[in-house]
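First the structure, in the form of structure tokens, and then the observations on it.
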Amino acid sequence: MIEVTSRDNPLLKSIRRLAQDPSAYRKQGKVWLEGDHLCRAALERGVKPLQVVITQGAWQSATLSWQDVCEQVFVVPQALFAKLSSLESPAQMGFVVECAQDPQVLPSMPTVVLDRVQDAGNVGAILRSASAFGFKQVLAMKGTAALWSAKVLRAGMGAHFGMNLIEGCSPDSLSQLDTPLITTNSHQGSFLHQLLAQQGLPSVCAWVMGHEGQGVCEEIMALAQLQVRIAQPGGEESLNVASAAAICLHASASAALNSEV
């Protein structure tokens, strides 16, 4: 255990950049996980932290021996930890973990493609749904919110770990996929509920979720084997992209489960 009392400590300066700059992880190759829930979710998925940073109060009352989790445990005053935080109510501990470098596209993996989805909360929620419904690969087109930023990590609630996450993709990257490409459209294409009833929905596929305002770009739309729309009998013009993603991914998971019966 190492006690730290200076805000100029090199590790704390590095963590502040990770917490406050959404793209800092790309330079450092590391991410900052703040909060007990997110850290435990990482541990449950086999992630080994590089460093643990914990407040003095949390260290004294900890029920888990953090020294068994990581050799480098840094204990800091509450006020100093608060300066690392991007939360309104700062947590009591966090992990620094390694970020996967240059992951490769897995051609046959059930995939979600994010086409310029810009809201970090939406991106994190989609990752959470993707993990829950068995889509373990996400390809993020250029213009999508940074997948490992602090806001996306919090919204993902631990879904990041165990997924193959690839950023900075272009439409050409989609040629590496062996699975059918399905695009979502508010006004065109087959209705999702009808495809499900007719067993016409591929259980292994790549769902494309588009920009919050503009939808899926024409270049990617032209590559799709199937266009799908969600029936909205209530009369709304469109759905939030994270809500639409959850509906579509659940439909694919249902198709896969039904095929096993």
Side-chain angles (χ1 to χ4, degrees), residues 22-23 105 109-160 163-171 173-174 177 179-196 201-255:
S23 62
V105 174
M109 178 74 71
T111 298
V112 175
V113 178
L114 301 179
D115 178 21
R116 299 163 298 132
V117 180
Q118 297 182 335
D119 182 83
N122 283 337
V123 171
I126 293 172
L127 263 62
R128 192 176 181 190
S129 292
S131 180
F133 296 126
F135 285 75
K136 299 299 186 182
Q137 178 166 259
V138 173
L139 306 186
M141 298 291 113
K142 294 173 183 175
T144 298
L147 296 188
W148 291 94
S149 67
K151 288 184 178 180
V152 175
L153 279 162
R154 286 199 299 274
M157 299 287 285
H160 286 67
M163 298 184 74
N164 193 43
L165 306 178
I166 303 176
E167 295 187 292
C169 298
S170 68
S173 305
L174 304 181
L177 296 173
T179 56
L181 195 68
I182 306 178
T183 53
T184 48
N185 193 311
S186 297
H187 308 292
Q188 299 180 42
S190 304
F191 281 108
L192 180 61
H193 69 282
Q194 293 176 344
L195 284 170
L196 198 54
L201 187 66
S203 57
V204 179
C205 61
W207 279 100
V208 184
M209 300 296 152
H211 182 277
E212 285 89 346
Q214 301 167 10
V216 179
C217 72
E218 292 184 5
E219 189 174 359
I220 294 179
M221 198 74 79
L223 300 174
Q225 284 81 14
L226 187 62
Q227 283 192 39
V228 169
R229 52 180 164 161
I230 299 169
Q232 298 174 62
E236 294 297 328
E237 181 180 352
S238 63
L239 290 170
N240 168 272
V241 65
S243 298
I247 292 168
C248 293
L249 299 177
H250 178 264
S252 281
S254 298

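All values derive from a computational prediction rather than experimental measurement.
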Below 3.5 Å, can you tabulate the donor-acceptor pairs from side chains in residues 246-254 to any protein atom, sequence neighbours excluded?
unit_1	atom_1	unit_2	atom_2	d
Ser252	OG	Trp207	NE1	2.8
Ser254	OG	His250	O	2.9

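A pairwise comparison of heavy atoms in Glu212 and Asn122 identifies OE2-ND2, 3.2 Å as the closest pair. Nearest heavy atoms, Arg128 versus Ala159: CA-CB, 3.6 Å. Summarising the geometry of Phe135 relative to Met163, their closest heavy-atom pair is O-CE, 3.2 Å, with the distance given to 0.1 Å.
Between Leu174 and Met141, some side-chain heavy-atom pair lies under the 4.5 Å cut-off. Proximity of Met221 to Asn185: side-chain heavy atoms (C-beta onward) are separated by under 4.5 Å at one or more points. In this structure the side chain of Ile182 reaches within 4.5 angstrom of the side chain of Pro202, judged on heavy atoms. Contact check for Gln137 versus Leu177: side-chain heavy atoms found under the 4.5 Å cut-off. Side-chain contact between Leu147 and Val123 is present, with at least one heavy-atom pair separated by less than 4.5 Å.
Between Met157 atom CE and Ser131 atom OG the span is 12.0 Å, to the nearest 0.5 Å. Atom CG of Leu181 and atom CD of Gln225 lie 6.0 Å apart (nearest 0.5 Å). Between the NZ atom in Lys136 and the CG atom in Leu165 there is a gap of 10.5 Å [rounded to 0.5 Å]. Distance check: Met209 CE to Thr144 OG1 gives 12.5 Å after rounding to the nearest 0.5 Å.
Residues passing the side chain to side chain contact (heavy atoms under 4.5 Å, CB included) test with Arg229 are Phe191, sequence neighbours excluded.
Among Asp115, Thr184, Asp119, Val117, the one residue that satisfies the side-chain contact (heavy atoms from CB on, under 4.5 Å) test with Val241 is Val117. A side-chain contact (heavy atoms from CB on, under 4.5 Å) with Val138 holds for exactly one of Val113, Leu127, Asn164, Ile126; it is Leu127.
At least one donor-acceptor pair closer than 3.5 Å links the side chain of Arg116 to the backbone N or O of Gly215.
The neighbour count for Lys151 NZ, taken as heavy atoms of other residues, nucleotides or ligands under 6.0 Å away, does not exceed 12.
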So Val105 and Thr111, side-chain contact (heavy atoms from CB on, under 4.5 Å) or not? Walk me through it.
CA-CA 10 Å; Val105 174; Thr111 298; over 6 Å; no
Kindly determine whether Lys142 and Cys169 satisfy side-chain contact (heavy atoms from CB on, under 4.5 Å), including the steps that lead there.
CA-CA 6 Å; Lys142 294 173 183 175; Cys169 298; over 6 Å; no
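Sorted pairs that involve residues 209-228 and meet ring pair (Phe, Tyr, Trp, His ring centres under 6.0 Å), not counting sequence neighbours, are lacking altogether.
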